Structures are given as structure tokens and as C-alpha cells.
Peer 1: 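Sharing a structure here in C-alpha cells format.
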Amino acid sequence: DFVAMGVLLGSACGAYEVAVRMSGSSAYRLGFAIAILLGLLLVWINLAVGIIGGEGNAANLVFAGVLLVCAVGALLGQLQAAGMARAMVATGIAQLLAGGYALALGSLEGGMLCGAFAALWFTSAALFRKASLQ
């Protein structure tokens, strides 16, 4: 558990270091920080207790898809503000779809948590959009 958390925190800090070097924009940095925090929390919650059922529930693998959408979108957008804004919107939509899946499986808590996460993905998108206009 300590090694897993160390890897998660080290990855998050390293990713934020990349963001700081990519742009001097406060909006870009905050958008990136929110995205990193959400990714970290999504992995941590799933490893600790799971969002849908317990941590061993295979239905929780859907959240790996959410993170894959985020990573692929960020790479396709070359970490530029406009591309990151599109990637965060796509990630928010993927998170909402995962929430619908959680609700379909009877996990009201999972669906509500996904809604909260999606709102934060969209907040990150708005910050990246603001950074792209500066």
C-alpha cells in the first residue's frame, strides 16, 4: 500500500512539474492541478474501496477507461491549453457515462460521485479554455 501510494504521489507531483514548465498561465496550472488531483483520487478510491461495489468488483475497470480518455486526449492535444480543454470535456463525458453505468448497476453513491467528478473535469476544461484565450 505504501509503495502504491508513493508511486501515485510521485506521478502526480511529476505531472504537475510538467504543467508548471508548459505554461506560466495560472489558469493552465490550476486546470492541470485539478485534472491531476482527479486522476489521483479516481485511482486511489478504486484501489482502496472501489466506486462500484468493493475494490475487487470488475465493474470498477470502467474508470480506467475514463483515465485512458484523459491521457489520450492530453497526448493528442500535445498538452496545449486548447487541446487540454477538449480532452477534459471528453473526460467529463466519459465520467458521466461511467456514472450512468454505476447507476445501472444500482450504485447510487457511485453515480453521484461520478457526477461530482464530471463537474470538476468540466471545471478543468473551463480553466484550460481560459488559458487558451490568454
Side-chain angles (χ1 to χ4, degrees):
D1 288 346
F2 288 110
V3 171
M5 191 50 133
V7 168
L8 284 173
L9 288 175
S11 299
C13 291
Y16 187 72
E17 189 67 31
V18 169
V20 168
R21 294 178 192 275
M22 290 294 299
S23 175
S25 166
S26 297
Y28 183 95
R29 290 177 176 184
L30 184 56
F32 214 101
I34 290 171
I36 291 168
L37 181 62
L38 289 173
L40 175 82
L41 287 174
L42 202 55
V43 171
W44 184 30
I45 292 168
N46 271 308
L47 289 176
V49 294
I51 293 175
I52 302 171
E55 69 273 5
N57 190 336
N60 284 311
L61 291 175
V62 72
F63 299 105
V66 173
L67 294 175
L68 183 63
V69 167
C70 184
V72 169
L75 291 175
L76 289 175
Q78 300 176 344
L79 298 177
Q80 298 302 311
M84 290 297 289
R86 289 188 296 274
M88 295 306 106
V89 168
T91 306
I93 291 169
Q95 187 78 58
L96 288 174
L97 291 171
Y101 179 64
L103 290 172
L105 293 177
S107 176
L108 179 61
E109 297 86 4
M112 290 171 48
L113 183 62
C114 285
F117 268 66
L120 291 169
W121 288 117
F122 294 135
T123 300
S124 178
L127 288 164
F128 280 120
R129 175 75 177 137
K130 180 179 178 182
S132 74
L133 297 174
Q134 292 177 342

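For clarity, every value in this text was computed on a predicted model and none was experimentally measured.
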Peer 1: Is there a path from Leu42 to Leu103 through hydrophobic residues (I, L, V, M, F, W, Y) whose side chains come within less than 4.5 Å of each other?
Peer 2: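 No, no single cluster joins them.
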Peer 1: What closest approach, in Å, do Ala118 and Gly92 show between heavy atoms, and which atom pair accounts for it?
Peer 2: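 Closest approach of Ala118 to Gly92, heavy atoms only: CB-O, 3.7 Å.
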Peer 1: Can you tell if the side chain of Cys114 reaches within under 4.5 Å of the side chain of Tyr101, non-hydrogen atoms only?
Peer 2: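 A side-chain contact is absent here, since even the closest heavy-atom pair is not under 4.5 Å.
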Peer 1: Do side-chain atoms of Asn57 reach the backbone of Ile52 as a donor and acceptor pair under 3.5 angstrom?
Peer 2: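 Judged by distance alone, yes, a pair lies under 3.5 Å.
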Peer 1: Would you kindly confirm whether Trp44 and Leu68 end up in one hydrophobic cluster when ILVMFWY residues are joined by side chain heavy atoms under 4.5 Å apart?
Peer 2: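 No, separate clusters.
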Peer 1: Quick one: CG on Leu75 to CE on Met84, what's the gap to the nearest 0.5 Å?
Peer 2: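 The CE atom of Met84 is 9.0 Å from CG of Leu75, to the nearest 0.5 Å.
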Peer 1: On a heavy-atom basis, which atom in Leu105 and which in Ala59 lie closest, and how many Å separate them?
Peer 2: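 Where Leu105 meets Ala59 most closely, the heavy atoms are CD1-CB, 3.6 Å.
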Peer 1: What side-chain donor-acceptor pairs closer than 3.5 Å can you find for residues 23-40, not counting sequence neighbours?
Peer 2:
unit_1: Ser23; atom_1: OG; unit_2: Ser25; atom_2: N; d: 3.0
unit_1: Ser25; atom_1: OG; unit_2: Ala27; atom_2: N; d: 3.3
unit_1: Ser25; atom_1: OG; unit_2: Tyr28; atom_2: N; d: 3.3
unit_1: Ser25; atom_1: OG; unit_2: Gln134; atom_2: OE1; d: 3.0
unit_1: Tyr28; atom_1: OH; unit_2: Leu79; atom_2: O; d: 2.4
unit_1: Arg29; atom_1: NE; unit_2: Ser23; atom_2: O; d: 3.0
unit_1: Arg29; atom_1: NH2; unit_2: Val20; atom_2: O; d: 3.1
unit_1: Arg29; atom_1: NH2; unit_2: Ser23; atom_2: O; d: 3.4

Peer 1: Working to the nearest 0.5 angstrom, can you tell me the gap between Ser132 OG and Leu127 CG?
Peer 2: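 With rounding to 0.5 Å, OG (Ser132) is 11.0 Å from CG (Leu127).
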Peer 1: Of all the heavy-atom pairs spanning Val66 and Ala98, show the shortest one and how long it is.
Peer 2: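 Heavy atoms of Val66 and Ala98 come nearest at CG2-CB, 4.0 Å.
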Peer 1: Walk me through whether Phe122 and Leu96 qualify under side chain to side chain contact (heavy atoms under 4.5 Å, CB included).
Peer 2: CA-CA 11 Å; Phe122 294 135; Leu96 288 174; 3.9 Å; yes
Peer 1: Please give me the minimum heavy-atom distance between Gly111 and Ala102, naming the atom from each residue.
Peer 2: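 Taking every non-hydrogen atom into account, N-CB, 3.8 Å.
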Peer 1: Can you tell me how far apart CE (Met22) and CD (Gln78) are? Round to the nearest 0.5 Å.
Peer 2: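 CD of Gln78 is found 9.0 Å from CE of Met22.
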Peer 1: Is there a path of hydrophobic side-chain contacts, each under 4.5 Å between heavy atoms of I/L/V/M/F/W/Y residues, joining Ile93 to Leu113?
Peer 2: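 Shared cluster, no.
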Peer 1: Identify whether Leu47 and Val62 are in the same connected component of the hydrophobic contact network (ILVMFWY, side-chain heavy atoms under 4.5 Å).
Peer 2: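 Yes, Leu47 and Val62 fall within the same hydrophobic cluster.
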Peer 1: Hey, is CE on Met5 packed in by over 12 heavy atoms from elsewhere, all under 6.0 Å?
Peer 2: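 Enclosed.
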Peer 1: What is the minimum heavy-atom distance between Ser107 and Gly110, and which atoms define it?
Peer 2: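 In this case the closest contact between Ser107 and Gly110 is OG-N, 3.1 Å.
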Peer 1: Applying a strict under-4.5 Å side-chain criterion to I, L, V, M, F, W and Y, I'd like to know whether Ile45 and Val43 cluster together.
Peer 2: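 The answer is yes; both residues are in one hydrophobic cluster.
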